[in-house]
Amino acid sequence: MIKHFFKKLGFSQAPFAGGIQPNMRKETEHSPIEVCPLPPLLIMPIKQHIGQACSPLVAVGDHVLRGQKIAKAEGYVSVPIHAPTSGQVIKIEDYAIPHPSGMGLTSIFIEPDGLDERDETLKPIEDWQHTDVSALRERVRMCGIAGLGGAAFPTFIKLVQDQRNPIETVILNGIECEPFLTNDHRLMVEHSQEIVLGMQIIMHMVGAKQGIIAIEDNKSDAIECMKKAVNHDDMGLDIQVLSLPTRYPQGSEKQLIEAITGKQVPMGKLPMHVGVLCQNIGTTHAIYEAVILGYPLTERVVTISGDAVPQQGNMLVRLGTSMRFIYAQRGLTDFDGLQILHGGPMMGERLRHPDIPVIKSSTGLLALSQDFFREAHPEEEPCIRCGHCSEACPIRLTPNLLADHCRNEQLEKAADYHLFDCIECGACSYVCPSHIPLVHYFRFGKGQAAQVRREQNFAEASRQRSEFRDTRIQREKDEKAAKRRKVRATHTPTEPNQGKE
Amino acid sequence: MLEQLMYAIASLGGFALLAGLILAVSSKIFHIEGDPVSDKIDALLPQTQCGQCGFPGCRPYANAVASQAADVNHCVPGGERTMLAIADVMGVEPKSLDQEEAIPMVAFVREDECIGCTLCIKACPVDAIVGAPKQYHTVIADHCTGCVLCLEPCPVDCIDMIAKPELLEHWSWPLPDTTRAQTGLERRESHQHD
Amino acid sequence: MLIHLSSPHIHGGDSIRSQMMSVIWALMPAACVSVYMFGWLAVFQISSCMLACLATEWLTLKWMGRSTSPLGDASAALTGLLLALTLPALTPWWMTILGGIFAIGLGKQVYGGLGYNPFNPALSARIILLISFPLQMTTWVIPLHVQLSGLNLYDISLAWTLFTSGIAALPQAVDAMTMASPLGYVKTAWTQGIDVNTALQSYDYSYLNAFIGREAGSLGETSALALLLGGIYLLARHTITWHIPASFLATVAVLAAIASTVDPNHYTPPLFHLLAGGLMLCVFFMATDPVSSPVTPVGQIVFGVGCGIITWSIRTWGGYPEGAMFAVVLMNCTVPIIDHYCRPKVYGQARKKV
């Protein structure tokens, strides 16, 4: 059906609503991926994905090998964490993580022994075409793969075959619409064969017949490389490379699906309900490594960019490497008066200091000069209702009205204005002539609503416990009274002038 | 003259009868069991069962407010938000709180001092303390409402109130630091206290 | 430095000032035409009105103890320019200044300043002036007649005399200089039972004159051409969207077309409506004022259609010859409701709203 739709359209793209065209500043697009040396210390937080935190499997003093599982997944929405290199666990304690709160999380500190020995327990699955799909899915889960595009949602959950919602199309998300970031771009240029192989594994796993590699037209070399790699392929699968006009936030899953298929993922539903699966380039590469090489996720490509970085570029970095160490590799050691960001400038978090480890969701490390940064955060002025935010919103919200409700903590009204459909892409704040921190208001509103919900749930649970206790006390009282009556009935002789009870 | 008077009385009387009938029927059809106002207020209360309002629990306080026997501002753990919500349900002007809002606390048993007397277990209104006679007792922090009712019965004073640990998952963005946002917040707060 | 700063950490560079400046630039053709037609009078009107607005803005901000930085966002200057362009050339100086004070003081600052005013400040001031001083506000100068009568408005001293002392300075010139506007003329004729075509002929009406602006009217309202140029500039700069202007103009045109087809003797033709009075200025610069117009696309179309219906109704059946400004201000009242009910369907929302 989708195929028919494509043919009818002649692959012309139905654009998604809204969007902006920021200055892309892809200054690192021609910098090859360099391997970052092993740092003197690796710090692995026990939660690097969306979902439940892991629980450590190692103790202080343990010797670990590269790829050895050091924390096991808890619950369904969780993936394990592996040692990024061989060495010794020297401590397990709270340490800062890339999070806007500046709060810490239990982390496992590993001192590398420099040998970088691999744990060979996981064997390569060379004959993946004839391997059971569930075994492949288990492999992806065991290898700790979470979406490397920034959201870090456990990947195995999406790789599922559902009879009611068969996945017809796998879309490989090579959009990378965030300014500055080029890590997916470089991966596509340098590892196109592996990515195509990874994509074939994904298509095999979900039983999809059609594959689309979507790349924005500002990455012409990546488009060429991917086309070449696809032509090489002799699997007989229908994989096409699709060039899309550059536009932010096209890399957002739902917007990409709308841009390619013209379909919208219904509210509260998943891409698979419209027969589509989206995967990030880095994630696909990681799936290739997990299946074909048997390597768990222990490293990722990170873009180091920004006007304050002397040598901008892309690096293959072990997870757990301190950002200060990585910046030092690119010639940046003095952070005085700089602002550092984790992720891209549109959706990334500002960090308070560089002594924070790289985790699975770290797409980029930016360092911006104070002047550059300040331009984006001047004092808020009153809304002049120009409507540019509504035009830019890919979800078609009315951000200025929504922000008013959030500011005044009118949470029910905000929900009615679809606060929870906001993807926080930042397009509205980017275009706002009054410099209203719209996304910040939405995050505030969402946080407040979550807080209210939590309090209500807690109150409800407390009420139930309290009622249960009351009934229990009543029951015990009744039982005691009954017992007393019974005792009285058997041991005291009935007096003649008193009737039996 | 008299005829006109009769018409007027008859028609007005007819309308009154009709209206009365409609009221009677609708009161049957839309009849609601229980006291909806006190239910609504009970749903707004934090259910700590702490008794700080002077009533023996959240439900009794809700009943008292609904029957206008108590003011809307006695729920200490509920804080500003709860007071405003109750005032809204009751349709009365908000009042300032009895006490300053405190940070959320939970009870913590110093286990090496606990003698296992089970008195705190009996006092806990939400069964958040576990333990057996002559064994250490422990507070289930996730269930503790911070009502402090367990402190008083403890014969060895081995229960402390500690600040509820802040969880990373529960962190939320504060209001933006811009003048416009902060001015709005100040005005909102001063308006609510007037 | 603030502790919590949310993404995005880059900005497109747009500002309130840049938005306002683009509207001011878009008004330049109309302003130039007004100077060409009315000479120094236009210069005096525009500058005094803008100065009055800026001064009022400064004073009110000082009075309220606020920062005077909003003065730099050019919104007060824009209001002054817009108001001046809606005034007749012979408006006395004190009325112009009063208008500026009304616009900023009563039209904007009493509501809390920029962004909070429910009505377009320039239009509300214009309406206050029209209702308070109906005679002066409907005394139109005809540029062509002025030249013929030997009065040279390019003569700075003559213009200054007219500006400071009003028509009273040259009572003998009044008849030579002034004339009813086409809208007013047709309306008067209609009440006297004269049919539209005869009235237009006796007025010596020409569509070309109305299009390029050689017609009696306010300073900046006469030239539809100049206003169209400005509107196109605004559309190209993306300061405004097409929704309000298109729906506004289309509604007026369609209503006029239907009516004039049914009874050409009673109702003026659509083109006459489009070129007459303050419609073009209202369509491109007043109705599209972001603060007092809806933000949602559907809402903007509803708003434009509403403006069109009210404009045509007032022009046709109302007591005033021109209704565009009343239409915009009336529709301004409905903006919050329109915005609430015309929100676009968000991504993935089911087609049927429950």
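Protein chains get the first letters and strands the later ones, always in sequence-line order, with residue 1 at the start of each. These numbers come from the heavy atoms of this one structure, side chains and all, not from hydrogens, waters or symmetry mates. As the structure is a computational prediction, the values presented were derived from the model and not from experiment.
- The shortest non-hydrogen separation linking C:Thr239 to A:His388 is O-NE2, 3.9 Å.
- Residue contact with chain C, scored on non-hydrogen atoms closer than 4.5 Å, involves the backbone of A:Cys383 exclusively.
- With a 4.5 angstrom heavy-atom cutoff, A:Pro266 touches chain C via backbone and side-chain atoms both.
- Closest heavy-atom contact between A:Val439 and C:Pro8: CG2-CD, 4.1 Å.
- Taking CZ of C:Arg343 as the start and CG of A:Asp416 as the end, the distance is 4.5 Å to the nearest 0.5 Å.
- Residue pairs meeting the side chain to side chain donor-acceptor pair (under 3.5 Å) criterion with at least one partner in residues 419-432 of chain A, sequence neighbours excluded, are A:His418-A:Asp421, A:Glu424-A:Arg443, A:Glu424-A:Lys446.
- A:Leu397 has its side chain within reach of C:Val346: a pair of non-hydrogen atoms, C-beta onward, lies under 4.5 Å apart.
- At a heavy-atom separation below 4.5 angstrom, chain A is approached by C:Pro290, C:Val291, C:Ser293, C:Pro294, C:Val295, C:Thr296 within residues 284-297 of chain C.
- Of the listed residues (A:Gly344, A:Gly343, A:Ser390, A:Cys432), the greatest number of heavy-atom pairs within a distance under 4.5 Å of chain C belongs to A:Cys432.
- A donor-acceptor contact shorter than 3.5 Å links the side chain of C:Tyr347 to the backbone of A:Val265.
- Chosen from A:Gly348, A:Pro22, A:Gly268, the residue pairing most often with chain C at heavy-atom distances under 4.5 Å is A:Gly348.
- At least one side-chain heavy atom of A:Thr398 sits less than 4.5 Å from a side-chain heavy atom of C:Pro344.
- Contact of A:Leu401 with chain C is made through the side chain alone, with heavy-atom distances under 4.5 Å.
- Heavy-atom distances place no part of A:Pro378 under 4.5 Å from chain C, backbone and side chain included.
- For chain C, the nearby part of A:Glu391 is the side chain; its heavy atoms alone come within less than 4.5 Å.
- Both the backbone and the side chain of A:Lys254 come within contact range of chain C, with heavy atoms under 4.5 Å apart.
- Both the backbone and the side chain of A:Ile395 come within contact range of chain C, with heavy atoms under 4.5 Å apart.
- Between chain C and the options A:Lys269, A:Gln21, A:Glu381, A:Met267, the largest number of non-hydrogen pairs under 4.5 Å is found for A:Met267.
- For a residue to count as touching a neighbouring chain, one of its non-hydrogen atoms must lie under 4.5 Å from one of that chain's; by this rule A:Tyr417 touches chain C with backbone and side chain alike.
- Counting only heavy atoms from C-beta outward, the side chains of C:His9 and A:Arg350 approach each other to under 4.5 Å.
- Nearest heavy-atom pair across A:Pro382 and C:Leu114 is CB-O, 3.4 Å.
- With hydrogens and angles disregarded, no donor-acceptor distance shorter than 3.5 Å links the side chain of C:His11 to the backbone of A:His435.
- No other option in A:Met347, A:Gln255, A:Arg385 has as many heavy-atom pairs under 4.5 Å with chain C as A:Arg385.
- A:Glu375 touches chain C through its backbone: at least one of N, CA, C or O sits under 4.5 Å from a heavy atom, while the side chain does not.
- With chain C as partner, the option from A:Gly387, A:Cys386, A:Pro345 having the largest number of non-hydrogen pairs under 4.5 angstrom is A:Pro345.
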